[in-house]
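Everything below concerns the one structure shown next.
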Amino acid sequence: MAKAIIIRAPGGPEAMVLEEFDPGQPGPGQTLIRHEAVGVNFIDVYHRTGLYPLPLPFTPGSEGAGEVLAVGPGVTNVKVGDRVAYGTSRGAYASERVIDAGTLVKLPDAISYETAAAMMLKGLTAQYLLRQTFPIKAGDTILVHAAAGGVGLILCQWGRALGATVIGTVGSQDKAKLASEAGAHHVIRYREENVAERVKAITGGKMCDVVYDGVGKDTFIASLDSLRPLGMMVSFGNASGPVDAFNVGVLAQKGSLFLTRPTLFTYASTPEKLAAMSKDLMDAMASGAVKIAVNARYPLADAAQAHRDLEARKTTGASVLIP
Ligand code: NDP
C-alpha cells in the first residue's frame with residue numbers, strides 16, 4: 001500500500017500525519033510515479049500553516065523524483081520505467097502519486113534522484129530569478145538573502161558564474177562559510193550587521209543592481225535600501241513572515257525602484273517553458289557551475305522533523321524526504 005502525508009487541518013508540524021492511501025490509476029495525460037526522493041521547501045510550510053490556504057485535506061510537497069510506473073491515455077513525453085522529476089505539482093510527500101505528465105522532466109543518468117528532488121523547485125527558481133526576472137550580466141552586483149539556504153546556495157553559485165559580484169546574507173558563521181564556498185564574494189551576518197550600510201561599504205556607494213529576497217518581512221526595507229536608483233527588488237518569499245503592506249511612494253523616495261513578487265508557477269506555466277528552464281539548469285549543472293547541495297535526509301515519516309529544522313533555521317542547502 002502506498003503512503004502519504006495528509007494534512008486535515010492547518011497547523012504546526014504535527015498537523016502532518018503519515019497514512020496509507022490508494023494513489024489510484026493515471027487518467028488521460030497523467031502518469032503514476034514511485035518517488036525515490038521528495039524535496040522539502042519553505043512553500044510546504046506556508047501550505048501547512050495555511051499562510052497559502054489550500055482545500056483540505058491535502059498532501060503537501062511540490063517537488064519530487066522517481067520512476068514512472070504507469071501512463072494514462074495520450075501521454076507521449078514519458079514512458080514506463082523513465083526516471084523523472086518535477087517541481088510544480090503539489091502532492092509530493094507520498095511514496096507514489098498520480099501526476100500530470102506535462103509537469104515531468106526526464107532525468108539524465110548523471111543526475112541522481114536525490115539531486116533531482118532538490119533541484120526542480122529550487123534550481124528552477126534560481127533559473128527564472130537570475131535569467132528571466134532580472135537577467136544577470138557580467139559586472140552586476142546582486143544581494144542574495146539566506147545565501148546558505150536551498151535556493152540561496154544555487155543563486156550564489158550561478159550568479160557568480162554569470163559574472164556577478166555576489167553579496168550574500170546569512171544567519172550564522174557556519175552558513176557564512178558555506179555561502180563563501182558557494183561563490184559569494186562578500187557575506188553579511190544580517191542578524192548582527194546593518195545590511196544596507198555594509199552593502200554601501202562593499203560597493204563603494206554604488207549599491208546593488210538587484211536584490212533577491214526570500215526572507216520577506218524582516219529584510220524588506222533593508223533590501224530596498226541596498227539598491228541603486230532604478231534597481232530591482234525581487235521579493236520571492238516569506239521565510240520570516242509576509243511583507244507588511246507599504247506605501248508604494250516609498251519606491252519613489254528610494255530611487256524609482258522596481259518591485260516584483262514572482263512565483264515559479266508563473267514562469268514554468270507550460271511544458272515548453274518548463275523544458276527550456278530545465279535545460280538551462282541542467283546545462284549549468286553539467287558545466288560544473290551549479291552543484292546542488294543535499295545536506296539533510298529524513299524518512300518520509302519524519303516530515304514533521306524536517307519542517308521543524310527548516311523553520312528553526314537549522315538547515316543549509318536542500319533537505320529531502322526518502323519514502
Ligand atoms: P531556505 O533553505 O532558504 O530556508 C529558509 C532560510 O531563511 C533559513 O535557513 C534562514 O537562513 C532564513 N530565515 C530568515 N529569517 C527566518 C525566519 N524567521 N524563519 C525561518 N527562516 C528564516 O528555504 P528554501 O530554499 O526552501 O526557500 C527560500 C525562500 O524562497 C523561501 O521564502 C521560499 O518560500 C522562497 N521560494 C519562492 C519561490 C517562488 O517562486 N516565489 C520558489 C522557491 C522558494 P539564515 O539562518 O541564514 O537566516
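Note that ligands are numbered from 1 as they come in the structure, with each ligand's atoms numbered from 1 the same way. Predicted model only: the values in this text are computed from it and were never measured.
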Point to revise | Protein heavy atom at shortest distance from atom 3 (O) of ligand 1 | key: Gly149 CA, 3.5 Å
Check your understanding: Which residue supplies the protein heavy atom nearest to atom 39 (C) of ligand 1, what is that atom called, and how far is it?
Key -> Tyr128 OH, 3.2 Å
Check your understanding: Does Ala239 reach ligand 1 with a nitrogen or oxygen that is under 3.5 Å from one of the ligand's nitrogen or oxygen atoms?
Key -> yes
Exercise for review: Please could you name the atoms of ligand 1 that Asn238 approaches to less than 4.0 Å, counting only its heavy atoms?
Suggested key: 32 (O)
**Study point:** Ring geometry between His47 and Tyr52 (parallel below 30°, tilted from 30 to 60°, perpendicular above 60°)
**Key:** perpendicular
**Study point:** Nearest neighbour of atom 24 (P) of ligand 1 from the list Asn295, Ile154, Val151, Thr219, on a heavy-atom basis
**Key:** Val151
**Study point:** Heavy-atom pair of closest approach, residues Gly159 and Val166
**Key:** C-CG2, 3.9 Å
Check your understanding: Does any N/O atom on Ser240 come nearer than 3.5 Å to any N/O atom on ligand 1?
Key -> no
Review point. Any idea which part of Glu311 is under 4.0 Å from ligand 1, heavy-atom wise: side chain, backbone, both or neither?
Key: backbone
Review point. Is a side-chain donor-acceptor pair under 3.5 Å present for Tyr93 with Asp44?
Key: yes
Point to revise | Heavy atoms from other residues, nucleotides or ligands near NZ of Lys200 exceed 12 (cutoff 6.0 Å) | key: no
Check your understanding: Do any nitrogen or oxygen atoms of Gly152 lie less than 3.5 angstrom from nitrogen or oxygen atoms of ligand 1?
Key -> no
Practice item. Measure centre to centre between the rings of Phe134 and Phe258, then say whether the value is under 6.0 Å. Key: no
Practice item. Group every Ile, Leu, Val, Met, Phe, Trp and Tyr by side-chain heavy-atom contacts under 4.5 Å, then state whether Tyr128 and Phe42 land in the same group. Key: yes
Review point. Can Arg97 and Ser89 be counted as having a side-chain donor-acceptor contact under 3.5 angstrom?
Key: yes
Revision key, fill the gap. d(Ile136 CD1, Ile142 CD1) to nearest 0.5 Å is 5.0 Å
Exercise for review: May I ask you to check if ligand 1 and Arg313 share an N or O to N or O distance below 3.5 Å?
Suggested key: yes
Review point. So Tyr267 and Thr133, side chain to side chain donor-acceptor pair (under 3.5 Å) or not? Walk me through it.
Key: CA-CA 9 Å; Tyr267 282 88; Thr133 306; 2.9 Å; yes
Study note, to complete from the structure: Atoms of ligand 1 under 4.0 Å from any heavy atom of Arg261, numbered from 1 in the order shown, are 41 (N)
Exercise for review: With heavy atoms of Val215 as the reference, note each atom of ligand 1 found under 4.0 Å away.
Suggested key: 14 (C), 15 (N)
Point to revise | Minimum-distance protein heavy atom relative to atom 42 (C) of ligand 1 | key: Thr125 OG1, 3.1 Å
Check your understanding: At a non-hydrogen distance cut-off of under 4.0 Å, which region of Lys217 contacts ligand 1 (side chain, backbone, both, or neither)?
Key -> neither
Point to revise | Separation between OG1 of Thr141 and NE2 of His186, rounded to the nearest 0.5 Å | key: 8.0 Å
Review point. What part of Leu264, side chain, backbone, both or neither, has a heavy atom within less than 4.0 angstrom of ligand 1?
Key: both
Practice item. State whether Lys177 and Asp174 are salt-bridged, where the test is any N-O pair (Lys NZ or Arg NE/NH1/NH2 against Asp/Glu carboxylate O) under 4.0 Å. Key: no
Point to revise | Part of Tyr46 within contact of ligand 1 (heavy atoms, under 4.0 Å) | key: side chain
Revision key, fill the gap. Looking only at protein heavy atoms, what sits closest to atom 11 (O) of ligand 1 is Lys175 NZ, 3.5 Å
Study note, to complete from the structure: among protein heavy atoms, the one nearest atom 6 (C) of ligand 1 is Ala146 CB, 3.9 Å
Review point. Is there a path of hydrophobic side-chain contacts, each under 4.5 Å between heavy atoms of I, L, V, M, F, W or Y residues, that connects Leu153 with Ile111?
Key: no
**Study point:** Distance-only N or O hit between ligand 1 and Gly150, under 3.5 Å
**Key:** yes
Check your understanding: Purely on distance, is any nitrogen or oxygen of Pro262 under 3.5 Å from one on ligand 1?
Key -> yes
Point to revise | Pick from Tyr190, Phe42, Phe236: the one approaching atom 30 (O) of ligand 1 most closely through a non-hydrogen atom | key: Phe236
**Study point:** Minimum-distance protein heavy atom relative to atom 47 (O) of ligand 1
**Key:** Gly171 N, 2.8 Å
Exercise for review: Check whether any N or O atom of Gly214, backbone or side chain, sits under 3.5 Å from an N or O atom of ligand 1, and answer yes or no.
Suggested key: yes
Point to revise | From the candidates Thr316, Val170, Thr169, Leu121, the one that places a heavy atom nearest atom 43 (C) of ligand 1 | key: Leu121
Practice item. Would you please test Thr266 and Thr263 for side chain to side chain donor-acceptor pair (under 3.5 Å) and show each step? Key: CA-CA 6 Å; Thr266 314; Thr263 158; 4.9 Å; no
Point to revise | Ring centre gap for Tyr86 and His35 strictly below 6.0 Å | key: yes
Practice item. Considering the heavy atoms of Thr263, write down every atom of ligand 1 situated less than 4.0 Å from one of them. Key: 39 (C), 40 (O), 41 (N)
